[in-house]
2 protein chains.
Amino acid sequence: MNKTGGTFSKDHDRTARLSNVALLYYGEGLTQSEIAKRLQVSRVTVVNLLREARDQGIVEIHVNGEQLKESTLARELASKFDLEDVYVSDVFDTQAVDRAAVLRQLGRVASMAFLDIVEPGDRIGIAWGETIMAMSDALPRVRVEGAEVSQLIGSMISKRVPASENCTIRIASQIGAVCYTLHAPALASTPELAQLFRDEPTIATQLERLQNLDMVAYSIGNLSDETHMAAAGMTTVKELHAAQAKGARGIICCRFIDADGRGISLPPTDRIIASELADLRAAKKRMLVVCGEDRLDAIQAAIMGGLATHLCIDAALGKALLSA
Amino acid sequence: MNKTGGTFSKDHDRTARLSNVALLYYGEGLTQSEIAKRLQVSRVTVVNLLREARDQGIVEIHVNGEQLKESTLARELASKFDLEDVYVSDVFDTQAVDRAAVLRQLGRVASMAFLDIVEPGDRIGIAWGETIMAMSDALPRVRVEGAEVSQLIGSMISKRVPASENCTIRIASQIGAVCYTLHAPALASTPELAQLFRDEPTIATQLERLQNLDMVAYSIGNLSDETHMAAAGMTTVKELHAAQAKGARGIICCRFIDADGRGISLPPTDRIIASELADLRAAKKRMLVVCGEDRLDAIQAAIMGGLATHLCIDAALGKALLSA
DNA sequence: CAAACGAGTTTACAAATGTCAATTTTTAAA
DNA sequence: TTTAAAAATTGACATTTGTAAACTCGTTTG
């Protein structure tokens with residue numbers, strides 16, 4: 001019956017069928033039973049087809065990012081801190097029970113904001129961390145012509161983020177961009193070794209690339225004992241306390257910043273292989289994605305230092321920031 | 001309570017809330033009841049919020065266009081007629097009962113194909129008709145940088161298409177493109193008047209624009225007595241029969257073509273204000289969207305004449321075309 | 001050849017969803 | 001201030017959906 005035969009065309013016929021089924025269900029609004037009758041299969045099969053279509057990204061659900069920056073809270077924040085745009089996520093949870101859920105929702109909002117902010121041809125720098133991971137997880141497949149995505153921070157094994165390069169790689173793949181990863185650890189064991197890494201040609205080239213970005217997307221850590229950098233074993237509680245004593249308020253790209261958003265060079269800064277704060281500031285569009293009221297000090301510091309033009313935050317943090 | 005007050009911010013707060021609710025529902029996968037509990041509203045309200053979000057295009061469902069051209073039928077057609085890509089829509093209806101439903105599904109497939117084919121910066125020509133209307137109705141809001149959309153055919157009042165400019169306008173607005181409408185009727189009452197119209201500076205400029213397009217999207221009519229051109233009162237049954245006798249097989253942009261896809265100048269051709277066939281052929285990407293087996297002759301003629309590089313058709317027509 | 005496998009089926013059930021009509025609350029207008 | 005219109009609520013209901021378990025039927029594959 002199938003002249004061309006083979007699993008090749010069979011697979012493709014299958015996905016083409018998935019697409020048409022998905023359109024009938026989501027577009028035409030037919031019920032699963034109606035579709036099952038037409039396909040002459042059982043309804044259970046239709047359920048499975050639809051799930052497959054969603055899982056494979058054949059159907060995707062987009063939320064218009066522009067709406068998210070229009071709330072009163074978002075606009076008040078933007079005007080108070082003189083930011084281009086603020087996007088606020090909200091899980092409407094009266095007692096913010098589930099941090100993971102808040103993070104996921106922020107990730108979704110941030111991914112829509114990202115698509116709202118990015119422009120064709122942009123050279124984009126991506127940091128990594130829980131928050132950026134949440135964003136990249138939620139990013140749908142939307143082609144951005146001529147985009148380039150670069151990893152801002154060297155790689156690291158951490159329990160919270162399976163593979164740090166993943167953020168960069170996934171975002172690049174979703175928007176069809178060229179992907180430049182940073183082939184170095186985020187932290188070297190000695191300052192000298194870190195410098196050797198930085199001087200290594202392939203790495204030096206990449207670090208240079210980070211000096212000419214159009215857009216950066218990153219998050220920020222605070223100085224609590226459980227901050228991501230400590231959890232990943234990149235710094236010690238002792239160092240954190242010392243940094244705090246010296247006025248550090250936040251951590252951006254593994255670097256400490258003070259209340260005015262200026263970098264403070266403290267151990268282990270000299271062992272870090274990552275974009276410099278100045279590089280971030282050089283980017284025209286600086287997207288800061290943050291979740292949790294415990295980042296209040298940190299985010300204020302970053303804004304003071306002109307490190308952000310666009311903000312994506314959860315409603316609780318937003319309210320705290322506005323009344324701060 | 002609401003310091004800034006006014007309906008402005010209220011509306012915006014509302015849509016921002018819609019967005020977050022939509023993300024919780026479609027993204028996080030919460031049930032309506034769970035969301036209702038969080039928002040402290042009734043579930044019915046959540047149902048309404050979600051519907052509103054969909055209606056307003058705050059949430060949109062995309063289907064990946066690439067899948068639709070991978071079916072065996074699509075690839076066999078592409079290779080048989082030496083086309084770049086063929087997209088096949090299917091409603092899986094054993095006895096094609098509902099033409100309107102077939103048309104809607106084709107419109108959805110065509111809109112995904114359109115997004116698949118279009119590139120940033122493209123100058124796009126859009127015809128009008130039932131089929132193109134179905135496509136533009138289904139087109140989601142996706143920005144295409146630097147695109148320009150031009151109306152290929154003058155305007156016309158017709159029962160089947162509420163307002164002919166609508167196709168062009170809607171497509172332009174959905175992709176964020178500059179929109180150039182053609183401020184003339186599709187049919188003038190005399191050839192002389194038609195020429196006067198064509199020479200009118202604003203119209204002449206627009207017609208000139210149509211000579212340099214990167215992409216065109218149009219459909220094709222047959223020569224049946226109910227063909228759209230006749231239904232719209234732009235030609236008479238007598239003229240149609242005469243055209244048929246002279247070898248006409250299809251109607252593209254209100255112009256007759258013969259079996260080899262060459263234009264035939266027959267009344268009322270000289271009274272038409274629209275893109276020339278040569279203009280269509282000059283576009284690098286020529287997207288032909290057709291629905292219904294009764295267009296078999298017409299579509300063959302168009303393909304023969306090299307008028308299409310991309311095809312969007314329904315499965316029934318596809319099968320007929322393959323075995324023709 | 002038989003075991004294992006994948007895809008699909010049936011049946012059954014619990015949960016989620018859409019919809020209606022009647023009612024209350026809120027909002028805007030006269 | 002009263003009133004009309006709009007928006008949200010409640011409760012009831014039918015439909016739709018998701019999921020599970022056990023079963024069938026070809027196709028591989030060892």
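By convention in this document, chain letters (A, B, ...) are assigned in the order of the sequence lines, proteins followed by strands, and residues within each chain are numbered from 1.
Distance CD (A/Gln32) to P (D/dT16): 10 Å, rounded to an integer number of Å. For the pair B/Asn48 CG and C/dT17 P, the computed distance is 14 Å after rounding to whole Å. Distance A/Lys37 NZ to D/dT17 P: 13 Å, rounded to the nearest Å. Atom CG in A/Asp55 sits about 14 Å away from atom C1' in D/dG18, given to the nearest Å. Straight-line distance from the CD atom of B/Glu52 to the P atom of D/dA6: 15 Å, rounded to whole Å. In this structure, the CG atom of B/Leu50 is 14 Å from the P atom of D/dA8, given to the nearest Å. Whole-Å rounding puts the A/Leu39 CG to C/dT9 C1' distance at 15 Å. A straight line from OH of A/Tyr26 to C1' of C/dT17 spans 14 Å, rounded to a whole angstrom.
At a threshold of 4.0 Å, the pair B/Glu84-B/Lys285 does not count as salt-bridged, since none of the basic side-chain nitrogens sits closer than that to a carboxylate oxygen.
Each of A/Glu226, A/Glu130, A/Glu293 was evaluated against A/Arg99; a single residue qualifies, A/Glu130, per the salt bridge (Lys or Arg N to Asp or Glu O under 4.0 Å) test.
A perpendicular orientation is assigned to the rings of A/Trp128 and A/His228, their planes being inclined by more than 60° (bins at 30° and 60°).
Looking at which nucleotide of DNA chain D each of B/Val44 and A/Glu34 is closest to, the 5′-most match is held by B/Val44.
Between A/Arg51 and D/dT17 there is no side-chain polar atom (N or O) within less than 4.0 angstrom of OP1 or OP2.
Checked by distance alone, A/Arg43 brings a side-chain donor or acceptor within 3.5 Å of a matching partner on the base of D/dG18.
Closest contact between the side chain of B/Ser42 and the listed nucleotides D/dT17, D/dT10, C/dT9 involves D/dT10.
Neither side chain, B/Gln105 nor B/Asp314, offers a donor N or O lying under 3.5 Å from an acceptor on the other.
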